[in-house]
Each structure stands twice: as C-alpha cells, then as structure tokens.
Amino acid sequence: MTWWSSEEYAGFRTEILADFEDDALGVYEVWWTANTRFPGRAVSDRLALAEAIVAELVANGNARLYRGRWIGPSHERQPVPDGDLGAVLLAWSTWVPQEDGVVWM
C-alpha cells in the first residue's frame, strides 16, 4: 500500500522526466526532489516514492541507469547491466551521492 495518490505520483513522475530531459540526473536527486515536494512525509516514504519512480522510468525505457564519477573532465559513465538494476536500486550508495560512484539516469 502506498501513501501517494495516482495524481501525486503522475505529477512527480512528470517533474522528474522534465528534470533530466536535457541533462543527466543523479538518482539521488529524485529522492532530494521528493524531500522538497513532500516534506511532511516520513523519509522512508519519500525514498519509496523516489525508488518507485526510478524503477518505473527504467522499466518503461524512459531512463537508463549509469555509474560514473561525481565530476571530472571526462564524466565517464558506464551503463548499469540490466541484471544489476534491482541490486543498484536497493543499494544505499545509489541514493547518497558518492564521489566515485554516482548512479545517473
């Protein structure tokens, strides 16, 4: 059971899609956006919403996940293999920015 309505979910998904339309978006930024948009909800609820949105976007082909450096001249990023997607979404390091291992969409 989820706390968000279908309208809230659709609106949040639209906002996230617009955020990474022109540039890569760190997966952690989806959680940060949920924190801003729904400050009265439990942290775990906001993380669950962010995870659901990212999982849906990847499953529907609207996004692809990549791992890469936080910043640098090359911004090299490697695609996350499809078989690793579930584990990547469950990893704490995906949702908390790491200098050498940011997960991007």
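Computed from a predicted model, the values in this text were never measured in an experiment.
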(request) Determine, step by step, whether N62 and E56 satisfy the side-chain contact (heavy atoms from CB on, under 4.5 Å) criterion, reporting the C-alpha distance in whole Å, the side-chain angles of both residues, the deciding distance to 0.1 Å, and the verdict. (result) CA-CA 8 Å; N62 298 108; E56 178 191 331; 5.7 Å; no
(request) Would you please test L65 and V54 for side-chain contact (heavy atoms from CB on, under 4.5 Å) and show each step? (result) CA-CA 9 Å; L65 297 186; V54 172; 4.1 Å; yes
(message) Applying side-chain contact (heavy atoms from CB on, under 4.5 Å) to F12 and F38, what does each step give before you reach the verdict?
(response) CA-CA 10 Å; F12 190 67; F38 304 103; 4.0 Å; yes
(request) Please test V30 against M105 for side-chain contact (heavy atoms from CB on, under 4.5 Å), starting from the C-alpha separation and ending with a verdict. (result) CA-CA 10 Å; V30 180; M105 292 195 298; 3.7 Å; yes
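No continuous path of ILVMFWY side-chain contacts below 4.5 Å connects V103 to L90, so the two sit in separate hydrophobic clusters. A continuous path of hydrophobic side-chain contacts links V27 to W92 [ILVMFWY only; heavy atoms under 4.5 Å].
For the pair T94 (side chain) and V88 (backbone), a donor-acceptor distance under 3.5 Å is present. A donor-acceptor distance shorter than 3.5 angstrom exists from the side chain of R46 to the backbone of R41, with no hydrogens or angles considered.
Going from atom CD1 of I53 over to atom OG1 of T33 covers 11.0 Å, rounded to the nearest 0.5 Å. A distance of 11.5 Å separates CD in E51 from OG in S44, rounded to the nearest 0.5 Å. Between atom CG of residue N60 and atom CZ of residue R13 there is a gap of 8.0 Å, rounded to the nearest 0.5 Å.
When all heavy atoms are compared, the tightest approach of Y9 to A52 is OH-O, 3.4 Å. Considering every non-hydrogen atom in both A24 and W104, the closest pair reads CB-CE3, 4.0 Å.
Note: W95 and W31 have perpendicular aromatic rings, judged against thresholds of 30 and 60 degrees for the angle between ring planes.
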